[in-house]
Amino acid sequence: MEFKQPDRRVILCWAVYTLCAAVIPIVASIVLYALPLLPEWVSHIFTFLWISTLTIVLAVYYPLRYRRMRYAVGRESIVTVRGMLFSVYRRMPLSAVRHITTLRGPIERMTGLTSVLISATGGHLLIEGIAADEADKLTKALL
């Protein structure tokens, strides 16, 4: 069984979604600075904390998360490996597969990526960030 890594563009997708969500703390920082309800140092600390967190997520967490992601499809099972501090190894027998869903949000469509959600009797597996043509091959092979 040969393990494959998702397409590197998945990091871009995660980053764009994270930056869209960052609009909330940006607006909160603007409100804190514009309305003198709290001392100015509170605004400084709040802004510093969310910018630091965003920087760590984009520069450290996402690349490490990507580096640890793997998946493989064998003759009898599907395997995913992920995790940063602890490796999570999930194996699903092909005989248990009941439903396959492909997920493509607007950013994934722009980058040509797809996520595949494989549902089974005892749970599900998510394979993120694979090329659309590879996802089609995967779903056809599993059906």
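Under the 3.5 Å distance criterion, the side-chain polar atoms of Ser87 are left unmatched by any main-chain donor or acceptor of Gly83. Counting only distance, with no hydrogens or angles, the side chain of Arg104 and the backbone of Thr114 share no donor-acceptor pair below 3.5 Å. With hydrogens and angles ignored, the 3.5 Å screen pairs a side-chain donor or acceptor of Ser43 with a backbone N or O of Leu32. The closest donor-acceptor contact from the side chain of Tyr66 to the backbone of Pro6 lies under 3.5 Å. Proximity of a side-chain donor or acceptor of Arg90 to a complementary backbone N or O of Thr80 within less than 3.5 Å is not detected.
Under the 4.5 Å side-chain heavy-atom criterion for ILVMFWY residues, a single connected hydrophobic cluster contains both Ile11 and Met84. Note: the hydrophobic cluster containing Val10 also contains Leu64 (ILVMFWY, side chain heavy atoms under 4.5 Å, direct or indirect links). The same ILVMFWY cluster, assembled from side-chain heavy atoms under 4.5 Å apart, contains both Leu19 and Trp50. Clustering ILVMFWY residues whenever any of their side-chain heavy atoms sit less than 4.5 angstrom apart, transitively, puts Leu117 in a cluster other than the one holding Tyr17. Note on Tyr61 and Leu54: same hydrophobic cluster, where clusters join Ile, Leu, Val, Met, Phe, Trp and Tyr whose side-chain heavy atoms are under 4.5 Å apart, directly or indirectly.
The shortest heavy-atom contact between Gly129 and Leu113 is O-CD2, 3.9 Å. Scanning both residues, Tyr62 and Ala15, for their nearest heavy atoms gives CE1-N, 4.0 Å. Of all non-hydrogen atoms in Glu128 and Arg65, the two that sit nearest each other are OE2-NH2, 2.8 Å. Minimum interatomic distance between Phe46 and Pro25 (heavy atoms only, all atoms of both residues): CE2-O, 3.7 Å. Shortest non-hydrogen contact noted between Met69 and Gln5 is O-CG, 3.5 Å. When all heavy atoms of Val42 and Leu38 are compared, the closest pair comes out as CG1-CD1, 3.9 Å.
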- Pair Arg91-Glu76, salt bridge (Lys or Arg N to Asp or Glu O under 4.0 Å): steps then yes or no: CA-CA 10 Å; Arg91 180 186 165 278; Glu76 298 178 5; 5.0 Å; no

- side chain to side chain contact (heavy atoms under 4.5 Å, CB included) between Val79 and Tyr71: does it pass, once the steps are laid out? CA-CA 5 Å; Val79 178; Tyr71 71 96; over 6 Å; no

- Query: Can you check side chain to side chain contact (heavy atoms under 4.5 Å, CB included) on Asp7 and Ile130, steps first, answer last?
  - Reply: CA-CA 5 Å; Asp7 194 297; Ile130 58 177; over 6 Å; no

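In this structure the side chain of Phe48 never reaches within 4.5 angstrom of the side chain of Ser29, judged on heavy atoms. The closest side-chain heavy-atom distance from Trp14 to Leu58 is not below 4.5 Å. Annotation: side chain of Glu134 is in contact with side chain of Lys4 (closest heavy-atom distance under 4.5 Å).
A distance of 12.5 Å separates CD1 of Ile51 from CD1 of Ile56, quoted to the nearest 0.5 Å. Rounding to the nearest 0.5 Å places CZ of Arg82 at 9.0 Å from CD1 of Ile127. If you take CD1 on Ile45 and CD on Glu40, they are separated by 11.5 Å, rounding to the nearest 0.5 Å. Interatomic distance, CD1 of Ile118 versus CG of Leu126, reported as 8.5 Å (0.5 Å rounding). Rounding to the nearest 0.5 angstrom, the gap separating the NZ atom in Lys140 from the CG atom in Leu142 is 12.5 Å.
Other residues, nucleotides and ligands place no more than 12 heavy atoms under 6.0 Å from the CD1 atom of Ile24.
Classification of Glu108 and Arg9 as a salt-bridged pair fails, no side-chain N sitting under 4.0 Å from a carboxylate O. By the 4.0 Å N-to-carboxylate-O rule, Glu2 lies too far from Arg70 to be salt-bridged with it.
Between the side chains of Arg98 and Ser119, no donor-acceptor pair of N or O atoms lies under 3.5 Å.
Among Ile100, Ile78, Val116, Thr102, the one residue that satisfies the side chain to side chain contact (heavy atoms under 4.5 Å, CB included) test with Leu138 is Val116.
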